[in-house]
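For reference, the structure discussed in these notes is given below.
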Amino acid sequence: MIAGYAVGAALTAVDARYALLLNAATFGVSALLVTLRVKERTPSLTADKRSNLMRETVEGYTVVFRSPVMRSIALVVFCGVCFGVVPEGLAAAWSADLADGPNAVYLGTIMVASAVGFLAGSIVMTWLVKPQRRNAYIRPFALITPWRWCPRCSTSTSTASSR
């Protein structure tokens with residue numbers, strides 16, 4: 001992930017067409033690998049036992065949200081996706097706002113920062129914190145992680161609106 005963002009930013013700084021060409025090539029390689037290497041498997045639920053897609057979806061969510069442990073994990077994942085994907089999607093606009101125009105270096109830095117932080121945090125927590133203590137950090141970090149985006153988003157918005 002980090003290398004992909006860094007290479008993409010470097011290619012975009014040279015010429016955005018190269019970055020798009022590389023991106024298209026990786027999709028082509030992925031499609032080729034899926035076509036050649038993934039074998040067809042029989043479905044786990046046969047056609048005669050299938051019901052309505054919406055009913056099956058509701059049943060799946062019911063299984064997850066009835067269990068307190070699975071519910072908390074699902075909510076952390078759902079919220080994490082919301083607070084992780086949206087800033088990535090806004091990174092180009094945010095970097096242009098920070099640099100007073102399109103800037104591949106700013107964009108690459110913003111895109112790589114989250115992945116580098118995740119990697120550094122994982123290394124620190126794995127190597128320096130005992131397993132018993134790690135469990136105590138799960139809830140606070142689950143709240144702090146998405147919360148960290150709020151000031152940045154509001155700061156960027158207020159900066160753009162003040163111009």
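Distance check, rounded to the nearest 0.5 Å: CZ of Arg50 to CZ of Arg55 gives 12.0 Å. From Phe27, atom CZ reaches atom CG of Leu22 across 11.0 Å, with rounding to the nearest 0.5 Å. Atom CG of Asn52 and atom CD of Glu59 lie 9.5 Å apart (nearest 0.5 Å).
A continuous path of Ile, Leu, Val, Met, Phe, Trp and Tyr side chains, each step under 4.5 Å between heavy atoms, connects Leu119 with Val116, placing both in one hydrophobic cluster. Both Phe78 and Met70 are part of a single hydrophobic cluster, where members link through side-chain heavy atoms under 4.5 Å apart. Residues Val64 and Leu53 do not share a hydrophobic cluster, clusters being chains of Ile/Leu/Val/Met/Phe/Trp/Tyr side chains in contact below 4.5 Å. No chain of hydrophobic side-chain contacts below 4.5 Å, direct or via other Ile, Leu, Val, Met, Phe, Trp or Tyr residues, connects Leu32 to Val34. One hydrophobic cluster, built from ILVMFWY side chains closer than 4.5 Å, cannot hold both Val7 and Val29; they sit in different ones.
Heavy-atom minimum distance, Phe65 versus Arg71: O-NH1, 2.6 Å. Minimum interatomic distance between Pro102 and Ala96 (heavy atoms only, all atoms of both residues): N-CB, 4.1 Å.
Applying the side-chain hydrogen bond (donor to acceptor under 3.5 Å, both in side chains) test to pairs two or more places apart or on separate chains, those with a residue in residues 17-28 are Asp15-Arg17. Each ring-ring contact (aromatic ring centres under 6.0 Å, His included) pair with one or both residues in residues 97-136, not counting sequence neighbours, would appear here, but there are none.
Of the possible donor and acceptor atoms, one in the side chain of Ser72 sits under 3.5 Å from a partner among the backbone N and O of Val69.
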